[in-house]
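Residue numbers begin at 1 in each chain, while the letters A, B, ... track the order of the sequences. Bear in mind that the values here come from a model prediction, so they are computed numbers and not experimental data.
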Number of protein chains: 2
Amino acid sequence: MAARKATALDVAKLAGVSRSAVSMVLNGNIKGNVSKDAQERIRAAAKELNYLPNPVAVSLRNQRTATLGIITDEIVTSPFAGRLVSGATNAALARGYMILVVDTEHIPGREGPAIEALQHRRVDGLIYATGSLQPYIPSGPFRAQPAALANCFDPEDRLPAVVPDEVTGSRRATELLLELGHRRIALLGGDDDNAALLREQGYRSAMDRAGLTAGDHQVIVTGWDINQGYRAAESVLQEPDRPTAILAANDRVATGILLYAATAGIQVPQQLSVVGYDDQQNVAANLVPALTTVALPHAEIGAIAVKRVLDELEGSERRTERVLVPCPLITRQSTAPAP
Amino acid sequence: MAARKATALDVAKLAGVSRSAVSMVLNGNIKGNVSKDAQERIRAAAKELNYLPNPVAVSLRNQRTATLGIITDEIVTSPFAGRLVSGATNAALARGYMILVVDTEHIPGREGPAIEALQHRRVDGLIYATGSLQPYIPSGPFRAQPAALANCFDPEDRLPAVVPDEVTGSRRATELLLELGHRRIALLGGDDDNAALLREQGYRSAMDRAGLTAGDHQVIVTGWDINQGYRAAESVLQEPDRPTAILAANDRVATGILLYAATAGIQVPQQLSVVGYDDQQNVAANLVPALTTVALPHAEIGAIAVKRVLDELEGSERRTERVLVPCPLITRQSTAPAP
DNA sequence: CTGAAAGCGCTAACAA
DNA sequence: TTGTTAGCGCTTTCAG
């Protein structure tokens with residue numbers, strides 16, 4: 001139960017010095033002005049009184065709030081990317097910052113006011129975070145102060161952007177399947193959005209490198225949901241030359257595939273290997289069979305975005321290159337050697 | 001691009017009055033002191049300069065930050081209850097408050113420092129929110145200032161608590177099944193935690209009221225995950241007198257049941273009705289078949305908790321009764337008349 | 001080496 | 001009716 005009251009003046013009195021001395025010592029601003037003795041008394045007094053500078057007063061004085069604002073389109077609302085906010089919060093906390101989050105829930109016209117609200121609160125920096133990988137055109141405020149993009153990127157690269165390395169992720173996943181001896185590998189990819197395109201690129205690169213012919217490639221534009229995975233599986237798995245392995249757009253699509261395979265009496269992984277994407281919590285590891293998948297490093301993305309903003313805030317030059325965060329491949333029970 | 005600079009002094013100058021007049025007029029504190037004329041000039045000047053009081057200065061002066069703190073054990077990290085934070089944020093925003101969230105991620109020893117950090121930031125009120133329904137013993141800070149509990153409750157009811165009405169929710173779900181003519185209805189319930197117990201209570205109350213005998217009841221302690229639902233279904237559905245309907249602990253358990261049913265060639269809903277719980281986003285509505293389920297009103301819980309805190313903050317008496325938020329039954333394709 | 005003083009932007013009590 | 005003044009708690013310049 002810390003006493004919530006001690007001010008710098010209290011500390012000064014107890015230590016027998018002036019308020020300014022307290023401030024200087026506690027902030028390490030001793031330009032050779034305070035005697036060693038006084039310094040010790042100040043520190044002791046501060047500890048005794050459990051003194052911490054009032055952040056509100058500090059903010060007013062320094063014109064900095066030690067607060068970052070995150071605007072997101074669906075991170076909070078969505079069940080997938082909460083770890084992004086959590087990673088960001090932890091990284092911020094570790095450096096003495098707190099985070100104000102506003103989720104626009106994809107509601108048009110909500111973004112502007114959200115940014116304004118955050119600016120009005122005098123946040124020191126801004127982060128825009130999206131639920132799915134996509135381009136984002138940063139508006140004025142983003143370019144006018146320390147800022148970063150998380151899981152999205154500025155097509156013109158005016159802002160630091162932190163995004164998952166989707167290409168390598170799906171290439172690695174495809175390689176795993178190839179190493180297991182699979183040849184007919186289908187990609188049930190999302191739709192024509194950025195992540196889907198990049199994942200397809202990784203898939204094709206691995207397939208091509210393995211010298212596979214067009215007949216072995218099979219890319220079906222699906223969607224991102226369970227039922228869409230189910231339907232795509234339904235159409236792909238009924239063909240005579242059905243694939244022996246499927247790379248799914250994400251774990252939900254993989255769930256749909258598993259559901260259809262069960263219905264059709266196709267055993268996974270004995271007759272069909274399935275790889276997901278996301279490593280969605282409480283899903284991938286708990287499916288039957290447990291799903292081999294590519295993890296999306298949301299927490300890390302959030303943490304790095306925060307780091308970028310804080311570095312810029314503390315004096316570094318703005319670095320606008322995109323950071324590609326690795327997506328680790330997690331091998332579980334849904335993949336096996338080709339039949 | 002609003003000018004970020006105008007201060008009360010600028011407004012005063014432009015309107016030809018004193019700073020205090022500006023403050024009074026803009027805060028509605030005119031105790032008959034300012035001429036109608038001056039008032040209009042002030043408002044006009046404020047609008048012209050795009051003036052908004054600097055919240056940091058206001059905070060320092062008023063000793064209130066218009067900020068609420070939420071401590072949670074897994075809301076942010078977890079894919080399920082993000083809407084709680086989102087509901088809370090929106091409710092707060094609507095009344096001019098912002099929210100600082102700290103997720104302890106169930107890490108022991110993190111809660112104390114989190115509360116301290118929030119208090120240090122001078123939040124005006126505190127909310128403790130849990131991912132799953134459970135008792136929570138509020139520590140000192142919670143009892144010393146405006147606060148509320150979301151999705152958890154103080155066994156001694158010293159704090160307002162906002163929780164889902166689990167009993168009614170599962171009773172309604174059971175009644176739906178009974179209305180469809182089912183008699184042998186199994187409950188694959190979580191484990192011995194609060195939500196599981198309450199859901200079982202609702203189930204039993206509906207079963208008893210329908211005059212069903214012990215043979216028709218069947219309660220299996222399962223868990224909350226897909227694979228656990230799968231295994232429980234495996235054991236329950238192989239019996240000769242297998243149930244014609246299952247009430248699942250949650251949507252993930254229901255997913256496991258659907259997976260097993262598909263594997264075993266049991267058609268849902270023709271041969272087996274399944275009801276979930278949670279109405280988990282991107283899951284319940286997209287399963288195959290789409291899942292009938294009981295929705296957990298997370299957003300509303302968050303919003304009501306915020307309202308409680310703000311009401312207390314703005315002068316109302318603390319009301320410590322528990323608020324039961326209804327869990328609406330959502331009927332989809334996984335339920336049908338008994339075979 | 002130390003302390004007094006100014007001021008961040010605002011509100012509210014008090015004089016005029 | 002209006003303007004002046006005294007802080008909220010802190011940092012930092014500038015005399016002592």
Side-chain angles (χ1 to χ4, degrees), chain A residues 2-43 45-46 49-67 96 119-124, chain B residues 2-43 45-46 49-67 96 119-124:
Chain A
R4 279 267 135 266
K5 291 281 167 65
T7 90
L9 187 59
D10 299 325
V11 178
K13 275 184 190 157
L14 187 69
V17 297
S18 72
R19 282 213 315 288
S20 31
V22 173
S23 166
M24 291 176 143
V25 170
L26 265 32
N27 293 315
N29 265 14
I30 325 155
K31 307 211 318 211
N33 304 357
V34 185
S35 69
K36 275 233 143 35
D37 196 56
Q39 292 187 32
E40 274 185 23
R41 286 202 316 268
I42 290 173
R43 276 186 235 282
L49 295 177
N50 219 309
Y51 169 74
L52 284 178
N54 179 332
V56 178
V58 175
S59 296
L60 181 59
R61 170 70 227 215
N62 292 352
Q63 306 289 34
R64 288 165 154 251
T65 53
T67 305
Q119 295 235 278
H120 179 232
R121 287 281 184 148
R122 304 298 198 271
V123 295
D124 295 335
Chain B
R4 279 269 135 265
K5 291 280 168 64
T7 91
L9 187 59
D10 300 325
V11 177
K13 276 184 189 157
L14 188 70
V17 297
S18 71
R19 279 214 315 291
S20 33
V22 174
S23 167
M24 290 176 144
V25 169
L26 265 32
N27 294 313
N29 265 15
I30 325 154
K31 306 212 315 213
N33 303 359
V34 184
S35 68
K36 276 234 145 33
D37 196 57
Q39 292 187 30
E40 274 185 22
R41 285 201 318 268
I42 290 173
R43 277 186 234 281
L49 294 177
N50 220 309
Y51 170 74
L52 284 177
N54 179 332
V56 178
V58 174
S59 296
L60 181 58
R61 171 69 228 214
N62 292 352
Q63 306 288 32
R64 286 163 157 253
T65 53
T67 304
Q119 295 233 277
H120 179 234
R121 287 281 184 146
R122 304 298 198 272
V123 295
D124 295 335

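Between A/Val17 and A/Arg41 there is a side-chain heavy-atom pair separated by less than 4.5 Å. In this structure, the side chains of B/Thr65 and B/Arg121 stay at 4.5 Å or more apart for every pair of heavy atoms.
Interatomic distance, B/Leu52 CG to B/Leu26 CG, rounded to the nearest 0.5 Å: 9.0 Å. With rounding to the nearest 0.5 Å, the separation of NZ in A/Lys13 from CZ in A/Arg19 is 10.0 Å. Residue B/Ser18 holds its OG atom at 7.5 Å from CD1 of B/Ile42, rounded to the nearest 0.5 Å.
As a whole-Å value, the separation of A/His120 NE2 from C/dG9 P is 13 Å. In this structure, A/Asp10 places its CG atom 11 Å from P of D/dC8, rounding to the nearest Å. In this structure, A/Asn27 atom CG and D/dG9 atom P are separated by 17 Å, rounded to whole Å. At whole-Å resolution of the value, CZ in B/Arg19 and P in C/dG9 are 10 Å apart. One interatomic measurement links the two molecules: CG of B/Leu26 to P of C/dG9, which rounds to 17 Å at whole-angstrom precision. What separates NZ of B/Lys13 from P of D/dG3 is a distance of 14 Å, to the nearest Å. Counting to the nearest Å, the C1' atom of C/dG9 and the CG atom of B/Leu49 are 15 Å from each other. Atom CE in A/Met24 sits roughly 11 Å away from atom P in C/dT2 (whole-Å rounding).
The heavy-atom pair separating B/Ala6 from B/Leu49 by the smallest distance is CB-O, 3.6 Å.
Near-neighbour residues of DNA chain C inside residues 54-67 of chain B, defined by a heavy atom below 4.0 Å, number-ordered: B/Asn54, B/Ala57, B/Val58, B/Arg61, B/Asn62.
Contact annotation: B/Thr7 side-chain N/O to C/dC10 OP1/OP2 distance is under 4.0 Å.
Nucleic acid contact class of B/Ala8 (heavy atoms, under 4.0 Å, all strands): sugar-phosphate only. Contact annotation for A/Ser23: base contact, defined as any heavy-atom pair under 4.0 Å involving a base atom. Among the protein residues, B/Val17 comes within range of the sugar-phosphate backbone only, with heavy atoms under 4.0 Å from sugar or phosphate atoms but none that close to a base.
Under the side-chain contact (heavy atoms from CB on, under 4.5 Å) rule, B/Val58 has a single partner from B/Asn62, B/Val56, B/Asn54, which is B/Asn62. Evaluated for a side-chain contact (heavy atoms from CB on, under 4.5 Å) with B/Arg43, the options B/Val11, B/Val25, B/Val22 yield exactly one hit, B/Val25.
At a cut-off of 3.5 angstrom, the base of C/dA4 holds at least one donor-acceptor pair with the side chain of A/Ser20.
From one end of the helix from C/dC1-D/dG16 to C/dA16-D/dT1 to the other, with five pairs defining each end axis, the axis direction shifts by 60° (rounded to 10°).
By the neighbour-count criterion of 12 heavy atoms within 6.0 Å, atom CD of B/Glu40 is sparsely surrounded, having that number or fewer from other residues, nucleotides or ligands.
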